[in-house]
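I have placed the structure first, in the form of structure tokens, so that the comments after it can refer back to it.
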Amino acid sequence: MALMLVKFDLKKRVKLAQTVWFMYWFAVLAGVLVFSMGLFFKIELRKRSELMDNNESHFLPNLLILMGLIACGINAFGGKICYDSLDPTKFVKWKPMLKNFLVFCVVFNTLLFVTALLCFLMRIPLQFTLAEGLRNGMRYYKDTDTPGRCYMKRTLDLMQMEFRCCGNDNYRDWFEIQWVSNRYLDFSAKEVKDRIGSNVDGQYLMDGVPFSCCNPSSPRPCIQFQMTNNSAHYSYDHYTEELNVWKRGCREALLSYYGGMMTTIGALVVLVTMLEFAVTIGLQYVNSSLSTLADPEDPESESEGWILEKTVKETFTDIMDKMKGTGKGGKVEEGGEAAAVVTVS
């Protein structure tokens, strides 16, 4: 017995074809939306590509762009088929390829759903990519004269001000690296000598942060140097006083920004996937209702439409039998070729 069998007359078939045609062109716009979201996501990632540890983070936006383009193509093609189904003489040319097109649509819809799942799952690898990228970026902050790294200071400063964050995990990450270039250090000064000599790596470390970590909303002038030295500032205790630098780390801030973006995109792609499955089912009803006309010569005769000609179990069994038959056929051909070689020998 067919799955979700529906009876049609001419009026219902026309209405079905018109509805599915409209849905297909709406799905074209949905494909444009997927393409646009992938392009926007890619642009946002490229803005801070210097803070990404690798290029794998661009896999998801590239996939969205590709799926959006394919969606536009197959939905425009499906819309054309639905439009021609209103004229039996035009629909005849599409019938031989329609079954393969429907199979392709099902495969594409499945891949689109997988893409939506990736939007939710890629948050985990993004977290590690950002952590390593920010760590390297902070290490290169001082290299303003080094080719390839000269813009890292500007990138980090703009990011910390835009996202209101400081450091990788928090502002104390700046205490563990030298972020002031040797070019601006007076090596004859005792303080500089003491700081450089106090650590095995010979770095100029200090309990300070770049100016971009300062919170402009703080009523007190920004304390960005000697942050752990209470005696260096009047009426100040770094253990108890509310610091006037951003407390949130930039990894958390960027992960929240990109993670929220991916969640929104993933939810929209799920909705697009549902629309794609709906138009695929609609096209299957159009195809089956036109293929089962009681009198093919009379376009006004009644017909039946379905999603599957048999039940799900029977359809699955038929597919498995065909796959087994194909496998056996391949073995028989291999055996025949081997026998022929022996005979010739």
Side-chain angles (χ1 to χ4, degrees), residues 33-68 115-181 208-217 222 224 245-269:
L33 176 64
V34 173
F35 172 82
S36 301
M37 290 189 298
L39 190 61
F40 174 75
F41 190 25
K42 187 176 183 66
I43 292 172
E44 286 298 303
L45 287 174
R46 286 184 67 86
K47 284 182 181 178
R48 301 167 189 91
S49 58
E50 296 172 332
L51 303 176
M52 303 290 177
D53 183 44
N54 52 53
N55 293 323
E56 295 176 5
S57 55
H58 291 275
F59 168 76
L60 184 58
N62 290 339
L63 181 61
L64 287 167
I65 290 172
L66 176 63
M67 298 301 282
T115 303
L117 291 181
L118 287 176
C119 290
F120 298 106
L121 298 176
M122 289 296 285
R123 184 187 179 97
I124 298 173
L126 180 63
Q127 180 176 358
F128 294 104
T129 297
L130 286 172
E132 190 62 27
L134 285 168
R135 192 177 296 115
N136 292 332
M138 291 173 64
R139 194 160 58 241
Y140 302 145
Y141 181 88
K142 67 180 186 302
D143 299 338
T144 52
D145 297 326
T146 305
R149 301 176 185 173
C150 53
Y151 292 107
M152 185 59 71
K153 177 182 181 300
R154 178 178 180 274
T155 300
L156 277 169
D157 283 333
L158 289 175
M159 178 202 66
Q160 291 190 143
M161 289 187 289
E162 179 183 354
F163 289 93
R164 300 184 176 187
C165 60
C166 186
N168 192 342
D169 294 317
N170 54 61
Y171 68 93
R172 288 182 173 272
D173 293 330
W174 289 107
F175 298 177
E176 301 172 2
I177 62 169
Q178 178 181 337
W179 53 272
V180 177
S181 174
V209 297
F211 77 96
S212 53
C213 285
C214 294
N215 181 357
S217 301
C222 186
Q224 64 180 106
V245 297
W246 304 117
K247 290 185 175 181
R248 186 168 69 157
C250 290
R251 178 178 62 172
E252 178 187 346
L254 287 174
L255 187 63
S256 176
Y257 175 69
Y258 286 120
M261 189 184 299
M262 288 192 295
T263 300
T264 302
I265 292 174
L268 289 173
V269 174

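Position 1 is the first residue of the sequence, and the numbers go up from there. Just the heavy atoms: all of them, side chains too, but no hydrogens, waters or symmetry mates, feed the values below.
Contact annotation: the side chain of V269 never approaches that of M67 to less than 4.5 Å [non-hydrogen atoms, C-beta and beyond]. Proximity of M52 to L130: side-chain heavy atoms (C-beta onward) are separated by under 4.5 Å at one or more points. Put simply, the side chain of F35 does not reach to within 4.5 Å of the side chain of L64, judged on heavy atoms. Side-chain contact check for F163 versus L254: some heavy-atom pair is nearer than 4.5 Å. Within the 4.5 Å cutoff, the side chain of F211 has heavy atoms near those of the Q224 side chain. Contact check for L156 versus S212: no side-chain heavy atoms found under the 4.5 Å cut-off. Contact annotation: the side chain of L45 approaches that of P61 to within less than 4.5 Å [non-hydrogen atoms, C-beta and beyond]. Taking 4.5 Å as the limit, some side-chain heavy atom of M262 sits within range of a side-chain heavy atom of L126.
To the nearest 0.5 Å, atoms OH (Y140) and CG (L51) are separated by 12.0 Å. Separating the CG atom in L134 from the CZ atom in R251 is a distance of 8.5 Å, to the nearest 0.5 Å. Note that OG of S256 is 10.5 Å distant from CE of M261, once rounded to the nearest 0.5 Å. The distance from the CE atom of M159 to the CG atom of D157 is 9.0 Å, given to the nearest 0.5 Å. One finds the CG atom of L255 at 12.5 Å from the SG atom of C250 (value rounded to the nearest 0.5 Å). Taking CG of N136 as the start and CZ of R139 as the end, the distance is 4.5 Å to the nearest 0.5 Å.
Between P125 and L121, the closest heavy-atom pair is CD-O, 3.5 Å. Contact record, C119 with I265: SG-CG2, 3.9 Å, taken as the closest heavy-atom pair. Residues M152 and G137 approach most closely at CG-O, 3.3 Å, considering heavy atoms. Of all heavy-atom pairs between R123 and G259, the closest is NH1-CA, 3.2 Å. What you find for N170 and R172 is that their closest heavy atoms are OD1-N, 2.9 Å. Contact detail for F120 and G266: the closest heavy-atom pair is CZ-C, 3.6 Å.
Between W174 and Y141, the ring-plane angle classifies as perpendicular under the 30° and 60° cut-offs.
In this structure a side-chain-to-backbone donor-acceptor pair under 3.5 Å is missing from D143 to R149. No donor-acceptor pair closer than 3.5 Å links the side chain of W179 to the backbone N or O of K153. Side-chain atoms of E252 do not come within 3.5 Å of backbone N or O of D169 as any donor-acceptor pair.
Using a 4.0 Å cut-off between a side-chain N of Lys or Arg and a carboxylate O of Asp or Glu, K47 and E162 do not qualify as a salt bridge.
At most 12 non-hydrogen atoms from other residues, nucleotides or ligands lie less than 6.0 angstrom from CZ of R164.
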- Query: Hey, mind stepping through Y257 and R48 against side chain to side chain donor-acceptor pair (under 3.5 Å) and telling me if it holds?
  - Reply: CA-CA 12 Å; Y257 175 69; R48 301 167 189 91; 5.1 Å; no

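For the side chain to side chain contact (heavy atoms under 4.5 Å, CB included) criterion with F40, the lone passing option out of E44, K42, M37 is E44.
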